[in-house]
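Data block below; observations after.
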Amino acid sequence: MAKPAQGAKYRGSIRDFPNFDPSQDAETLYNAMKGFGSDKEAILELITSRSNRQRQEICQNYKSLYGKDLIADLKYELTGKFERLIVGLMRPPAYGDAKEIKDAISGIGTDEKCLIEILASRTNEQIHQLVAAYKDAYERDLEADITGDTSGHFRKMLVVLLQGTREEDDVVSEDLVQQDVQDLYEAGELKWGTDEAQFIYILGNRSKQHLRLVFDEYLKTTGKPIEASIRGELSGDFEKLMLAVVKCIRSTAEYFAERLFKAMKGLGTRDNTLIRIMVSRSELDMLDIREIFRTKYEKSLYSMIKNDTSGEYKKALLKLCGGDDDAAGQFFPEAAQVAYQMWELSAVARVELKGTVHPAGDFNPDADAKALRKAMKGLGTDEDTIIDIIAHRSNAQRQQIRQTFKSHFGRDLMADLKSELSGDLARLILGLMMPPAHYDAKQLKKAMEGAGTDEKALIEILATRTNAEIQAINEAYKEDYHKSLEDALSSDTSGHFKRILISLATGNREEGGEDRERAREDAQVAAEILEIADTTSGDKSSLETRFMMILCTRSYPHLRRVFQEFVKMTNYDVEHTIKKEMSGDVRDVFVAIVQSVKNKPLFFADKLYKSMKGAGTDEKTLTRIMVSRSEIDLLNIRREFIEKYDKSLHQAIEGDTSGHFLKALLAICGGED
């Protein structure tokens with residue numbers, strides 16, 4: 001996501017209070033804590049509407065007027081999370097950071113996430129102030145304390161960051177960019193083992209502007225983002241620290257938006273993280289964080305805090321947030337620009353798609369056929385051997401094994417597997433044995449047969465396949481079921497949904513680039529049909545047909561530009577707007593097309609996550625995606641999965657399946673991230 005424009009414009013949510021009177025404020029706070037009980041409402045209202053500089057003046061006046069320490073009184077009168085939040089606001093920023101780090105390394109165990117968050121995100125000046133504040137508050141050396149509490153490459157990188165010596169020159173040398181890309185590539189991907197020192201030196205010292213160009217060039221040179229290399233080459237807390245540094249280089253505001261989201265998603269709230277970020281960013285970049293949060297997570301930061309917290313604690317956090325953002329799907333103007341820039345970046349980035357299943361290097365179809373026959377002969381079945389062979393051969397190699405099996409034994413390998421295996425494992429192994437187009441054709445047939453239609457399966461397949469894949473599916477369907485796919489869809493679906501599916505099933509999507517003028521026209525049609533345009537240029541029926549034609553036949557690069565122009569034109573995101581204005585299967589198929597155009601691996605990562613979350617597992621969807629994407633983009637899906645859900649696909653499968661089905665799925669998954 002693009003970094004919000006930097007400059008003189010103030011981006012904090014808390015400002016200096018006008019007509020500030022520190023003596024009056026000190027008296028108000030004293031009265032709020034005097035006698036039995038305390039007026040928490042008055043305390044939170046006052047403290048959250050003063051800047052940190054003003055709060056320091058209030059502290060001094062409180063001591064002068066009453067001879068008492070304001071922070072000590074607040075600690076005595078307040079309790080729990082609300083107390084931690086209010087006291088956190090009363091400390092100068094550098095002393096707040098110093099206290100967080102002291103708590104992170106005190107006692108048994110270390111809060112590595114806190115150390116990572118603070119040291120990866122602070123500027124040189126903030127680091128220098130932190131080191132001085134730590135020395136002043138605790139009469140100890142911060143570097144010595146961190147060195148004594150951490151180890152290995154993690155410790156080395158923390159020490160580098162503690163120096164606060166990152167280059168700050170915005171003039172970038174192209175030659176040095178190329179050299180750093182080469183050094184990082186040679187230190188990781190091209191080396192047996194990893195030269196961690198190169199990663200530490202480059203990521204710990206180069207300027208942000210320089211590193212952003214390094215990351216762009218790294219992607220062009222290696223075909224993978226720097227984050228993927230870090231995940232592959234580094235491990236543990238050192239890996240987490242380096243990923244945090246990269247995220248902060250790309251966009252500090254996006255890093256904090258992500259940290260806030262993870263602090264509140266799922267069961268329970270990570271209150272320490274929530275408090276630390278809301279306090280520390282309230283006068284720096286809270287507005288940027290809010291914009292990115294809105295763009296990235298389809299909800300405002302305000303609404304998530306509101307739903308996840310309670311009482312005075314909630315009220316104080318909402319004051320720091322500084323306001324709710326617009327209704328679902330709409331960006332306030334600055335956020336629309338963030339979204340627009342995000343599309344610019346996605347249009348430039350060309351990530352190479354990679355599967356997890358590759359042709360076996362020492363492939364011997366004769367030996368494989370014999371091993372499979374042996375695994376299924378006699379009493380019992382050797383499922384481990386079957387999995388080891390079939391999950392580690394490409395689909396083309398599996399077809400050779402089938403042919404060789406028939407030549408040797410006069411038997412149909414598929415029929416033998418069907419009789420020897422059962423349940424989820426049988427569906428998975430038999431799916432892997434089918435040529436991809438025939439597998440998709442079978443999934444479509446099963447989605448339409450019997451009582452009821454599995455619209456989700458129809459949408460998932462037809463909305464995501466390329467023209468070549470669609471053509472092959474049509475041929476396979478005709479060959480296997482002696483009926484055209486179009487006829488089958490016609491008899492099993494109806495209305496607009498039928499028209500959309502048939503349009504997708506023709507495989508007539510354009511394959512060129514974008515046309516900016518045409519993209520603006522297409523965005524106008526989308527705005528009119530979704531009823532957020534100022535004017536309407538045609539009747540509803542013809543607009544619906546044009547909208548369907550745009551989504552079903554325009555090329556992916558062109559549609560990305562259409563979505564971008566739509567944001568620019570309306571301040572809305574097309575996906576949210578479709579969800580809001582449409583309903584049923586038509587909405588679902590259009591949303592699937594949009595998500596697939598935006599980021600197809602992420603679309604499948606979401607589907608996989610939903611197939612395994614909550615009680616019960618949707619084994620059919622899980623199997624269908626693992627089989628169909630294994631040689632196309634399952635590695636990319638894995639990366640999107642861990643990025644969004646903070647756990648690997650491998651872990652999710654491990655926690656949700658069992659037995660030989662689990663073993664086969666993990667073999668296809670291809671590794672732990």
Side-chain angles (χ1 to χ4, degrees), residues 13-14 25-26 28-52 54-56 58-59 62 66 68-115 117-118 137-138 256 259-283 286 289 293 301-322 324:
S13 55
I14 301 291
D25 285 352
T28 302
L29 289 172
Y30 180 76
N31 290 332
M33 293 185 282
K34 194 168 69 174
F36 186 72
S38 54
D39 185 350
K40 297 182 180 68
E41 192 78 39
I43 294 168
L44 87 84
E45 193 60 42
L46 191 147
I47 289 175
T48 58
S49 54
R50 305 296 185 271
S51 67
N52 192 277
Q54 291 174 331
R55 291 182 209 124
Q56 303 319 309
I58 296 168
C59 278
Y62 193 90
Y66 306 109
K68 299 176 78 171
D69 184 287
L70 176 55
I71 288 181
D73 280 4
L74 287 166
K75 278 183 174 177
Y76 180 78
E77 290 292 333
L78 308 177
T79 57
K81 295 175 281 195
F82 181 56
E83 177 256 316
R84 293 206 303 275
L85 176 61
I86 293 297
V87 169
L89 286 167
M90 294 308 301
R91 293 191 182 99
Y95 285 81
D97 281 350
K99 172 77 165 64
E100 290 291 327
I101 286 187
K102 185 77 170 72
D103 289 347
I105 55 179
S106 295
I108 298 167
T110 305
D111 182 354
E112 290 85 3
K113 286 182 179 176
C114 173
L115 294 181
E117 180 197 297
I118 292 173
Y138 306 111
F256 282 115
R259 291 278 294 155
L260 285 168
F261 180 74
K262 286 176 179 173
M264 291 183 280
K265 77 166 186 170
L267 286 171
T269 304
R270 297 172 195 169
D271 292 293
N272 285 350
T273 301
L274 181 56
I275 291 167
R276 185 170 58 242
I277 297 172
M278 295 303 290
V279 169
S280 66
R281 310 315 291 185
S282 60
E283 294 182 43
M286 186 58 73
I289 292 167
F293 196 99
L301 175 59
Y302 189 98
S303 68
M304 198 158 182
I305 291 170
K306 195 173 177 182
N307 293 329
D308 215 65
T309 58
S310 61
E312 282 87 9
Y313 176 53
K314 172 168 82 173
K315 287 178 189 172
L317 286 170
L318 292 178
K319 289 271 288 182
L320 294 181
C321 183
D324 198 357

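These values consider heavy atoms only, across backbone and side chains, with no hydrogens, waters or symmetry-generated copies.
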Practice item. Determine yes or no for a side-chain-to-main-chain donor-acceptor pair under 3.5 angstrom, with E283 supplying the side chain and N52 the backbone. Key: yes
Revision key, fill the gap. Rounded to the nearest 0.5 Å, the CG atom of L260 sits from the CD1 atom of I305 at a distance of 7.0 Å
Point to revise | Any side-chain heavy-atom pair of I14 and K319 under 4.5 Å | key: no
Practice item. Please determine, by modelled atom types, if Y66 and D73 share a side-chain donor-acceptor pair under 3.5 angstrom. Key: no
Check your understanding: What distance separates K315 NZ from F82 CZ, expressed to the nearest 0.5 Å?
Key -> 9.0 Å
Review point. What are the two closest non-hydrogen atoms of L115 and A104, and how far apart are they?
Key: CD2-CB, 4.2 Å
Check your understanding: Going by heavy atoms in the side chains, are K306 and D324 under 4.5 Å from each other?
Key -> no
Review point. Between atom CD of Q56 and atom CE of M90, what is the distance when rounded to the nearest 0.5 Å?
Key: 6.5 Å
Review point. Does a side-chain heavy-atom distance below 4.5 Å link N272 with K113?
Key: no
Revision key, fill the gap. Rounded to the nearest 0.5 angstrom, the CG-CZ distance for D97 and R91 is 11.0 Å
Practice item. Indicate yes or no for a side-chain donor-acceptor contact from E45 to the backbone of K40 under 3.5 Å, with no hydrogens or angles considered. Key: no
Exercise for review: Would you please test L29 and I47 for side chain to side chain contact (heavy atoms under 4.5 Å, CB included) and show each step?
Suggested key: CA-CA 9 Å; L29 289 172; I47 289 175; 4.2 Å; yes
**Study point:** Heavy-atom side-chain proximity of T273 to R276 below 4.5 angstrom
**Key:** yes
Review point. How long is the gap from CD1 on I86 to CD1 on I43, to the nearest 0.5 Å?
Key: 7.5 Å
Review point. Out of curiosity, L317 CG to T48 OG1, how far, rounded to the nearest 0.5 Å?
Key: 10.0 Å
Review point. Of all heavy-atom pairs between L85 and A316, which one has the smallest distance, and what is that distance?
Key: CD2-CB, 3.4 Å
Exercise for review: Check whether any side-chain N or O of S13 sits under 3.5 Å from a backbone N or O of L320 as a donor-acceptor pair, and report yes or no.
Suggested key: yes
Review point. Under 6.0 Å from the NZ atom of K75, do we count more than 12 heavy atoms belonging to anything else shown?
Key: no
Point to revise | Side chains of R259 and R281 in contact at under 4.5 Å (non-hydrogen atoms) | key: no
Review point. With a 4.5 Å limit on heavy-atom distance, are the side chains of K81 and T269 in contact?
Key: no
Point to revise | Heavy-atom side-chain proximity of E117 to F256 below 4.5 angstrom | key: yes
**Study point:** Check: L89 main-chain N/O paired with R55 side-chain donor or acceptor under 3.5 Å
**Key:** yes
Check your understanding: Any side-chain heavy-atom pair from Y313 and L274 closer than 4.5 angstrom?
Key -> yes
Point to revise | Sidechain-backbone polar pair: S49 side chain, L46 backbone, donor-acceptor under 3.5 Å | key: yes
